[in-house]
Structures are given as structure tokens and as C-alpha cells.
Amino acid sequence: MRQVIYQRGISGEKYGIWNCQSKEFQFGISEDTPMLAVARLHQKIGNDARKGRFEPRPLPHTKKEN
């Protein structure tokens, strides 16, 4: 991931934490930039966030039903 995208994100995108081992988003994190998502992960679980299994990824878009 490019440093500019890591720090500033992409307009309209939300980022969450992806667990590469269980292949799912975890912890209910939704932030504007990947850097903020990683910071929130560290707040929630502490030093266990340094494990290589967690990475920030864009959250999938969901259609809102009326």
C-alpha cells in the first residue's frame, strides 16, 4: 500500500481490519484511513496487533435498503 493512501485514504472508502488466517473482518473497526484503522486496533487489543495476521483493507460496499 502506498504511503499516501495509508495516511490519507481514498475518498469515500472506509477501512477495517482483515484477519488473514480466519479470512474475515474483525473487531468492528471502520475508519477513514488505514492508518487510523491500525491505531484503533492497537487501542483495542494492544501489542497482539503486531502479529502479521492483521492488515487494513477497504470494507466492502453494502447497498442500503429503503
Side-chain angles (χ1 to χ4, degrees):
M1 183 176 298
R2 293 179 36 205
Q3 185 175 3
V4 172
I5 293 174
Y6 182 74
Q7 292 176 347
R8 297 183 183 175
I10 297 173
S11 180
E13 290 280 336
K14 291 285 189 177
Y15 294 88
I17 297 298
W18 179 259
N19 186 331
C20 295
Q21 289 181 347
S22 64
K23 297 185 180 8
E24 65 181 0
F25 285 98
Q26 291 187 331
F27 307 111
I29 295 173
S30 176
E31 296 290 338
D32 292 330
T33 68
M35 185 173 67
L36 291 175
V38 171
R40 179 76 60 207
L41 176 66
H42 279 274
Q43 285 179 345
K44 284 194 170 199
I45 66 171
N47 281 336
D48 287 338
R50 294 178 182 245
K51 294 180 180 174
R53 72 178 122 195
F54 301 116
E55 64 182 39
R57 285 195 183 176
L59 291 171
H61 295 283
T62 59
K63 292 184 179 180
K64 295 181 182 177
E65 295 184 28
N66 292 329

Please name all residues satisfying side chain to side chain donor-acceptor pair (under 3.5 Å) with K14, sequence neighbours left out, ordered by chain then number.
D32

Please identify each residue that fulfils side chain to side chain donor-acceptor pair (under 3.5 Å) with Q3, with sequence neighbours left out.
none

What closest approach, in Å, do E13 and P58 show between heavy atoms, and which atom pair accounts for it?
OE1-CB, 3.2 Å

Do the side chains of I17 and I45 join up, straight or via other hydrophobic residues, at under 4.5 Å, putting them in one cluster?
yes

Specify the closest pair of heavy atoms between P34 and I5, including all atoms of both residues, with the distance to one decimal.
CD-O, 3.4 Å

Partners passing ring-ring contact (aromatic ring centres under 6.0 Å, His included) against F25 (at least two apart in sequence or in another chain)
W18

Salt bridge (charged side-chain N to carboxylate O under 4.0 Å, His left out) against K44, all qualifying residues, sequence neighbours excluded:
none

Minimum heavy-atom separation for L59 to S30, with atom names?
CD1-OG, 3.6 Å

Under the salt bridge (charged side-chain N to carboxylate O under 4.0 Å, His left out) rule, collect the residues that match up with E55, sequence neighbours excluded.
R57

CD on E31 to OH on Y15, rounded to 0.5 Å
12.0 Å

Scanning both residues in full, the closest heavy-atom pair of P56 with V38 reads CG-CG2, 3.9 Å

Rounded distance [0.5 Å steps], CD1 in I29 versus CZ in R40:
7.5 Å

With sequence neighbours excluded, give me every salt bridge (charged side-chain N to carboxylate O under 4.0 Å, His left out) pair touching residues 16-30.
none

Scan the side chains in residues 46-53 for donor-acceptor partners under 3.5 Å anywhere in the protein, sequence neighbours excluded, and list what turns up.
{"from": "R53", "atom 1": "NH1", "to": "Q21", "atom 2": "OE1", "distance (Å)": "3.0"}

Any link between M1 and I10 through a network of hydrophobic side chains (Ile, Leu, Val, Met, Phe, Trp, Tyr) touching at under 4.5 Å?
yes

Hydrophobic cluster (4.5 angstrom, side-chain heavy atoms) - remaining members for L36
none

Provide the full list of ring-ring contact (aromatic ring centres under 6.0 Å, His included) pairs with a residue in residues 28-57, sequence neighbours left out, each pair given once.
F27-F54

